[in-house]
Amino acid sequence: MRLINEDIRAMKYHFNEIEAKWQQYWAENQTFRAENHSEKPKYYVLDMFPYPSGAGLHVGHPLGYIASDIYARYKRHKGFNVLHPMGYDSFGLPAEQYAIQTGQHPAITTQANIKRYREQLDKIGFSFDWSREVRTSDPNYYKWTQWIFIQLFESWYCTEHNSALPISELVKIFETFGNKTVNAICDETVEPFTAEEWNALSWKEQQEILLKYRLTYLAETEVNWCPALGTVLANDEIVNGVSERGGHPVVRKKMTQWSMRITAYAQRLLDGLDTIDWPQPLKDSQTNWIGRSEGAHVEFFVKDTEDKIAVFTTRPDTIFGVSFMTLAPEHELVAKITTPEQKEAVEAYVEATSKRSERERMADVKTISGVFTGAYAEHPFTKEPIPIWIGDYVLASYGTGAVMAVPCGDQRDYDFAKHYNIEIPNIFEGVDISEEAFADKENTIIANSDFINGLNYKEATTKVIEKLEAIGQGKGKINYRLRDAVFSRQRYWGEPFPVYYVDGVPKMIEAKHLPIQLPEVEKYLPTETGEPPLGNATVWAWDTENNIVVENDKIDHKTIFPLELNTMPGWAGSSYYFNRYMDADNQEAFVSKEAVDYWQDVDLYIGGSEHATGHLLYARFWQQFLFDRGFLPVEEFAKKLINQGMILGTSSYVHIIEPRFIDPEDGATTGSYEFHALIGENLVDFYKQNVRKFRDYFGGTEETQERVLRGFAENELEYFNLLVNSFKSIAKKYGYELPTNDIFPVRRVSMNIEYVENQKLKESSAKDALRFTRTQNIIFDGNNELTLSPEVEKMSKSKYNVVNPDDICEDYGADTLRMYEMFLGPLEQAKPWNTAGITGVHSFLKKLWKLYIDDNGVRFDDSEPTKDNLKTLHKTIKKVEEDIENFSFNTSVSTFMICTNELTAQKCTSKAILEPLAILISPYAPHIAEELWQQLGHSESIATANFPTFEEKHLVESSKEYPISFNGKMRFKLELPLDMSKEDIEAAVMAHEKTQAQLQGRTPKKVIVVPGKIVNVVG
RNA sequence: GCUCGAGUGGUGGAAUUGGUAGACACGUUGGACUUAAAAUCCAAUGGCCUGAAAGGCCGUGCGGGUUCAAGUCCCGCCUCGAGUACCA
């Protein structure tokens, strides 16, 4: 009896056992290990490696991994040698913040998180080649990050060769010719010098000049300083004027920092986009970020001085319309040129501007402000005096930090001129500028402009640039918005620089002594003197005799020198990891020539679009640089890129509707406000602090209370009522104090427009309401209603809306998870996670299993497949193959469902059908496929079985069920032979009784017959 | 403001070059099996008209257009989402 039960048990689809079995098999047999040489063609499928956060994976993370895994497995079936690696971007802020709080070394936290990630990833059954795993925080890895940094330091960019070249070549040129013949991208402060002058310079002076040419350099630059994080941030790490991580304010500050001369590659980064198959929106945002604009560099003399104000303009044709100039308040000439009468006003303005944060400046773009310096510039052609103003609408960080203001042709200049009553000369023919500026350059005819009268934009621009060059006051110029990337971070948990300082000059440690490992520190905070955390290390000096790191107190500035205290930013390690995977264990090079010649580049890269202007730009930059220096064979690292959409979570919000909003200004009752507060961490804290108050009024068990508060209440009336009542009761008993920002994290405030009587409020949008409430006090009178509602947004631990893939694997299995994530919708599209439909996919897999094995054991046999069987199979092969090639994974899931339903209905038992079907489905549901494959009698893994070949002949039909439409509307269907002639089809249709019923005796005007497709009767 | 993307049943979403709109799945309703539940299976399911069927009308954000035929192409709008923002 017992035996029989177990036999029946074995016949059922036990996904947990099957999945564990095959995951173990793959690991033990290294099924997915890729070799660096093979007879087969290569294919490289890459995922963006994750930062191993403490929260673990949620169901959103694997979406892209599943898609790439399907593609990788498919390519293996298609006979490719597939490289499909995975690793960890394991340097980063959270581990360091945790270290600061607990003293736990970030390496330990990181190690633990990686372990958890690995367990979670393994459960989903990915076909990664783990033998090539990389971790950016591993010294064996960051050795090569440091090595690449040295290469950048030892290179300069030659605009003649349009390539990076070794710095030694530049030195040779300097020694023989000086720098006058050099076409290089360098710091703008470089002065011309001769060979004699160069050779006469001291070593230190020479080094200071070379630094201005190197592709990574140390310079005092204005950086984004984030006081809360205690570090500088790159432009792409700032979102809406606050830090991307944590949302802390950011201020501009001058600091000496390492930078990467990415601007040298601006044009090539732009041009390269045309050669790669990346999503258009992503290309657009890179193009935008690089921000190329063509125009002219123009120099204006400050009247009666030798000082020049340089401006960049895209409209040199409007130069005769200049009626003032505006400098950024930070512009270096401001103090120098300001007249004594204006000094006080100018200084006050500069002071006021510097106090405002970036965010504030961004927030009120509409306010016009500025001050006259009292100084005048001289028009390069007319020699007329032009008043010089300062204004914060001019940004120090773009162009030259100064503009030639042409109010008739630029709306900002126009507004500024109107506001300060500055003259607005009209230099356009037949255009009215009394209301606004005329900025349409395509329809421009220049007037009142001396030698360019009557010309259009293009002609005038050319002529003006010619003239400017002739008088030496300008030239044509292409300007980029892209800035050099700040490369220093004042953090502990990052790559240390292989740099020490001799007499204040940075020197590289020789590559053979790498890696320079992170030192131990007592605490992970900045030092008391404000130095980065590495300043706390006691063993952090470089001994140039023994080439080792030694104690700081041995520093003698003769043979032992201080080491760099900054660390590298997060994007350093991720800018070349895809090359490292090709040869992950190589101790001699970051990748060997043989390995990279074989693998070349990434064929398919899948990851999120949020890296558009960060990682994906920096990685292209490093790739191009390493290509220039001969270390890599291709200029672009990824041929094709797909952005997977985010899987969103459902958060629960509590809404507090306040019907009587009292405006503190006029005491008027103006309407109703709705507070949308996330039920999450803070509320849980509030609950814990006030636990007794809650207990008194809260029904239910402690567990249900937790549940409510943790946001699982979604539409459940029971919990909803509990919450409402408890809040109401508490409010009453304790003299009413409704939780405000301190307790409820108010995420959004919007108005319920219906109740708004005040016209001013009616017109304002929800956004305005937010601003409004920030500046006013909201007075509650205690009659609030609470409602709960779900809202879809990004999954995040802090929002209590995270769904863990482990739970899904436990309940339904990895194969179900994989197929369900694909079934949710198109890969690129964002979609909310909703487990409602998962049973459909799961029962499909059960049906599939039953097609092979039912309660009586295996069903398949060697019977000949029927015509219908073959038709179903080959229809499926065709569709699935097309879908995978088009990355349309959602539709192939439904194709599998149709196939299984059809074969079940056909009672198919033929191995000749079921074997290829197992291969077809194995990229999607590899565990069940392996198990069925084994049951079918195979001893080898299904992973490299050949993908079934589609045969057209099985789909050939002899007849077609024609849709017969009347005036384009389908009315009935008619089965007709496919080889029937047009005339015969028409005759057959016209003879049909339903046609006669449709026509009701009328004669059709026309009958359209598209053989094999459709018949349309027009009448 | 600018750039890009998207609007299709109760829901997620299908629909190859213009050619049967709503595949597949969820949900809902009814039924079978069961003491019951779960699981499983069967049937119906865009809206409207009709007692039901037959049949008809309407239907892919809105308004036009091209075409024998439009979710798909063209013109003009609306709404939502994403990115970006005083870029001279």
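Keep in mind that what you see is a predicted model, and the values were worked out from it rather than measured. Throughout, protein chains are lettered first and strands after them, A, B, ... in sequence-line order, and every chain is numbered starting at 1.
At a threshold of 4.0 angstrom between heavy atoms, the contacts of A:Arg483 with the nucleic acid are absent. No contact: A:Phe844 has no heavy atom under 4.0 Å from any strand. A:Lys1005 comes within 4.0 angstrom of nothing in the nucleic acid, heavy atoms only. Across all strands shown, A:Asn890 has heavy atoms under 4.0 Å from sugar-phosphate atoms exclusively, and none from any base. Within the nucleic acid shown, A:Lys878 has no heavy atom closer than 4.0 Å to any nucleic acid atom.
The side chain of A:Gln829 lies closest to B:rG13 when the candidates are B:rG13, B:rA21, B:rA88. When distances are taken from the side chain of A:Tyr398 to each of B:rU16, B:rU40, B:rC87, the shortest belongs to B:rC87. Checking B:rA15, B:rG12, B:rC86 against every side-chain atom of A:Thr891, the shortest atom distance belongs to B:rA15. Here the nucleotide nearest the side chain of A:Arg481, chosen from B:rC87, B:rC4, B:rA25, is B:rC87. The side chain of A:Asp392 lies closest to B:rC86, out of B:rG83, B:rG19, B:rC86.
Between A:Glu882 and A:Lys878, at least one side-chain N (NZ, or NE/NH1/NH2) sits under 4.0 Å from a carboxylate O, which counts as a salt bridge.
Contacts with RNA chain B (heavy atom under 4.0 Å) in residues 315-323 of chain A: none are found.
Between A:Lys846 and B:rU40, a side-chain N or O to OP1/OP2 separation shorter than 4.0 Å is present. A sub-4.0 Å separation between OP1 or OP2 of B:rA25 and a side-chain N or O of A:Asn901 is present.
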Handout entry: Under 4.0 Å protein heavy-atom contact, by nucleotide of nucleotides 66-71 of chain B - B base, S sugar-phosphate only
Key = --BS--

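In B:rG55 the O4'-C1'-N dihedral to the base is more than 90° from 0, which defines an anti nucleotide.
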